[in-house]
Amino acid sequence: MTAPARLPRAFWWLWTSSAASNLADGVLKTALPLVALGFTTSPAAVAGLSLALSLPWLVVALPAGALVDRWDRRATLVVADVARAVVVALLAVVTLTGGGSMAALYAAAVLVGVAEVFRDTTAQSVLPQVVGRDALPAANGRLHAAELTTNAFAGPPLGGVLVGVGAAVALGAPAGLWALAVLTLLQVRGSFRAPRAVDAPRTTLRRDIGEGLRFLWRRPVLRTLAVMVGVTNLAMSAVSAVFVLWAVGAGSAMGLTEAQYGVLLMWLAVGAVGGSLVAGPVTARLGRTATLGVSVVGSALCLAAPAVTTDPLLVGAANTVAGFGIALWNVVTVSLRQRLTPDHLLGRVNSAYRLLAWGTMPLGAALGGLIGETWGLRWVFVVGGVVAGGLVVLLPRVGEGALVAAERAAQEDGVRGPDDEPTDDGPTDDGPTDDGPTDDGRHDDGPTDDGRHDDGRHDDGRHDDGPPADEADGPDDVRP
């Protein structure tokens, strides 16, 4: 395998934008439930914020993916971040003027969630149009580290501190960060439309969505990974939706302040950053399937830990172990998926995958609130740990043999290998792109049920021969 290519200047603008955007995410998603405690102490009401943020993945993910494959990807990123900045800035003004309420928080969460669907779906596709194919592992590693450091390491404690200063300040800070993300994105020049064949007929949105769903569903390995991520995210969403009630306040089980709560969440990112740095050596030593098993076990221990201890040090240690495992999972699965999806299908396949992987999050948030209201908060952690740990039974379906067979089948179907150079002039709807797109960070790796890999053909017989791409925000299938 050739050494990674030097990353171009455009990548570092993209990296800066991703860091700023993810820091805004980390601050907002920590601040929202803390601000909500000023209006309610109901587990169901607080969990409703997580539901509102993640519900758009169930509602708009599939059409968003089809639209992203038609639109310029950089422009879509810009519009999504502008929309989030405006919504959160308005919420900060409303809160500052005394008009804050749970209804306002819910409305803002839904709008931010819709913009996030378009932003994250698009971000999965734009990176290979900026860097060459052989630079994808290095670029992904740097983006992943930036995402974890800002979203899960710096964001939570900063959000906790800002809420202590004032709710309006905590809500206004993400708006400024998203504005910074937009300014840096504007420094990335060029056209970023997905390439299409010159003679490709115009299709309907419904047909485009169906094509992406079929491409995903015919690959058992990819399908299994999506289901595993979906179940993990369901359990994590259930726990995270109510954990603030367990941890924060003099009358809570852990008795933490807002700032201490943010620091506690930070330890998940500490483990994740460490995991991202050693994922390569660990995977080489253990193998990919065993590495995925480490992630499954680590997530289960983290989710169940608050049920057996309220010691912040022990809970923080469990978070660190889980973060380490999450990073291993994401690096392994995203690197796998990057090799196998034609570029013109990136948005659609990505949205279908994310529908399975992230569409469970609103269900998990609702489930966490329901269990917390009915049986008590401790049972949320028990159920979450058991559900996440039960995924070990699916590991044989993603054994090393199946992964290797999937990669070999993809190469036989004409998807470029990891060392191939990207094209410089892949056709787009409005002319050539500046850089040949590659893959979107999703793996379409599973052989079909009869052992053969689906060859990605259109209904009219045309071959899906676009090169694969990758994800711009770093591998983040499992949401820390």
Side-chain angles (χ1 to χ4, degrees), residues 54 56-69 73 116-128 136 140 144 194 208-234 236-237 292 295 326 329-364 391 394 397-398 402-403 406-407 410 415 437-448 453-454 456 464 466 468-479:
S54 52
W57 282 103
L58 277 177
V59 179
V60 300
L62 292 178
L67 291 170
V68 163
D69 279 343
R73 289 163 177 168
E116 181 181 59
V117 171
F118 281 92
R119 211 270 179 200
D120 287 355
T121 300
T122 306
Q124 292 268 324
S125 309
V126 72
L127 179 60
L136 286 174
N140 261 324
H144 193 194
D208 284 351
I209 291 172
E211 187 177 8
L213 286 171
R214 287 191 299 274
F215 193 91
L216 168 67
W217 195 251
R218 290 170 180 171
R219 287 153 176 80
V221 170
L222 177 59
R223 192 171 65 229
T224 299
L225 290 173
V227 169
M228 293 178 74
V229 174
V231 173
T232 300
N233 284 338
L234 181 141
M236 287 191 166
S237 183
L292 296 179
S295 177
I326 288 171
W329 174 283
N330 287 334
V331 169
V332 169
T333 58
V334 172
S335 297
L336 191 64
R337 286 174 6 224
Q338 284 171 339
R339 298 184 177 95
L340 306 171
T341 304
D343 186 71
H344 71 280
L345 283 173
L346 295 185
R348 284 166 282 173
V349 176
N350 183 46
S351 63
Y353 187 93
R354 289 289 179 87
L355 179 65
L356 292 175
W358 290 3
T360 57
M361 292 190 295
L363 303 178
L391 291 173
L394 294 180
R397 293 179 176 268
V398 288
L403 304 184
E407 291 170 321
V415 178
T438 46
D439 183 45
D440 72 24
R442 290 181 313 285
H443 185 72
D444 299 328
D445 54 329
T448 58
H453 193 284
D454 186 286
D464 291 339
D470 172 49
E471 72 180 51
D473 269 346
D476 60 354
D477 289 341
V478 180
R479 301 300 294 268

Which pair of non-hydrogen atoms, one from [X] and one from [Y], has the smallest distance, and what is that distance?
| X | Y | answer |
| --- | --- | --- |
| Leu67 | Phe118 | CD1-CE2, 4.2 Å |
| Tyr353 | Val229 | OH-CG2, 3.9 Å |
| Val221 | Ala402 | CG2-CB, 3.9 Å |
| Ala66 | Ile209 | CB-CG1, 3.8 Å |
| Pro362 | Ser54 | N-OG, 3.0 Å |
| Ala352 | Leu62 | CA-CD2, 3.8 Å |

Exercise. Side chains of Trp57 and Asp120: closer than 4.5 Å at any heavy-atom pair?
Worked result: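 Trp57 reaches Asp120 side chain to side chain.
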
For this session: Kindly indicate whether the side chain of Ile326, heavy atoms from C-beta on, has any atom under 4.5 Å from the side chain of Met236.
Result: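 Yes; the side chains approach each other to less than 4.5 Å.
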
Between atom [atom1] of [X] and atom [atom2] of [Y], what is the distance when rounded to the nearest 0.5 Å?
| X | Y | atom1 | atom2 | result |
| --- | --- | --- | --- | --- |
| Thr224 | Leu292 | OG1 | CG | 11.5 Å |
| Leu213 | Arg218 | CG | CZ | 11.0 Å |
| Leu363 | Ser237 | CG | OG | 8.5 Å |

For this session: Could you give me the CA-CA distance, side-chain angles and deciding distance for Leu216 and Leu356, then say whether side chain to side chain contact (heavy atoms under 4.5 Å, CB included) is met?
Result: CA-CA 10 Å; Leu216 168 67; Leu356 292 175; 3.9 Å; yes

Exercise. Counting N and O atoms only, with roles assigned by atom type, does the side chain of Asn233 sit under 3.5 Å from a partner on the main chain of Ala357, one being a donor and the other an acceptor?
Worked result: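 Yes.
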
